[in-house]
Amino acid sequence: MTPTHFAFSSTFLLGLAGLAFHRTHLLSALLCLEGMMLSLFIALSMWTLQLNSTNFSASPMLLLAFSACEASAGLALLVATARTHGTDRLQNLNLLQC
């Protein structure tokens, strides 16, 4: 495994570990998801550059567009949660209650 692949794998796994073990606030969960998506974007871009092929050149841009949509939906949920519940702590959210 090259140092570049190790760096991208470790950043993805650190984001995944942060999402799995540090779930106190919704904002921290969204930041972990953004870190994971950014590492996937950079890894996919590097993979496309290493292949020297134009067939996969649109894949990183598509992933970046999905990442932007995911970020906007997450921030909208964060604002709605903060307005209705007064906090973004995930322990205070009851999904069974309207």
Side-chain angles (χ1 to χ4, degrees):
M1 179 179 281
T2 64
T4 308
H5 290 106
F6 178 73
F8 295 135
S9 299
S10 63
T11 54
F12 182 79
L13 289 176
L14 280 174
L16 186 64
L19 185 64
F21 297 125
H22 190 65
R23 295 182 300 183
T24 56
H25 293 281
L26 183 60
L27 184 61
S28 64
L30 289 174
L31 283 174
C32 289
L33 282 174
E34 281 302 311
M36 290 169 59
M37 290 297 285
L38 184 62
S39 69
L40 284 176
F41 169 72
I42 294 173
L44 192 60
S45 298
M46 294 296 289
W47 181 62
T48 304
L49 286 175
Q50 285 177 354
L51 285 180
N52 291 329
S53 175
T54 58
N55 293 338
F56 300 111
S57 63
S59 300
M61 297 307 288
L62 187 65
L63 183 69
L64 192 62
F66 283 138
S67 177
C69 293
E70 178 256 334
S72 65
L75 286 177
L77 285 173
L78 178 69
V79 168
T81 302
R83 284 185 180 173
T84 57
H85 296 287
T87 184
D88 70 331
R89 289 185 58 87
L90 292 177
Q91 294 171 350
N92 294 343
L93 297 177
N94 188 1
L95 297 177
L96 299 178
Q97 185 181 12
C98 291

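Please read all numbers here as calculations on a predicted model, not as lab measurements.
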Extract all donor-acceptor atom pairs below 3.5 Å that involve side chains of residues 9-20 and protein atoms in other chains or at least two apart in sequence.
{"residue": "S9", "atom": "OG", "partner": "H5", "partner atom": "O", "Å": "2.8"}
{"residue": "S10", "atom": "OG", "partner": "F6", "partner atom": "O", "Å": "3.0"}
{"residue": "S10", "atom": "OG", "partner": "A7", "partner atom": "O", "Å": "2.9"}
{"residue": "T11", "atom": "OG1", "partner": "A7", "partner atom": "O", "Å": "3.2"}
{"residue": "T11", "atom": "OG1", "partner": "F8", "partner atom": "O", "Å": "2.9"}

I'd like a table of donor-acceptor pairs (distance under 3.5 Å, sequence neighbours excluded) in which one partner is a side-chain atom from residues 61-75, with atom names and distances.
{"residue": "S72", "atom": "OG", "partner": "A68", "partner atom": "O", "Å": "3.4"}
{"residue": "S72", "atom": "OG", "partner": "C69", "partner atom": "O", "Å": "2.9"}

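- Rounded to the nearest 0.5 angstrom, L26 CG and T87 OG1 are separated by 10.0 Å.
- The two residues L49 and N52 make their nearest non-hydrogen contact at O-OD1, 2.9 Å.
- One hydrophobic cluster, built from ILVMFWY side chains closer than 4.5 Å, cannot hold both V79 and L30; they sit in different ones.
- With sequence neighbours left out, L51 forms a side-chain contact (heavy atoms from CB on, under 4.5 Å) with W47, S53, F56.
- Atoms CD1 and CE, on I42 and M37 in that order, are 12.0 Å from each other to the nearest 0.5 Å.
- Partners of H22 by side-chain hydrogen bond (donor to acceptor under 3.5 Å, both in side chains), not counting sequence neighbours: none found.
- Annotation for L78 and L27: closest pair CD2-CD1, 3.8 Å, computed over non-hydrogen atoms.
- In this structure, the separation between CZ on R89 and OG on S28 is 10.0 Å, given to the nearest 0.5 Å.
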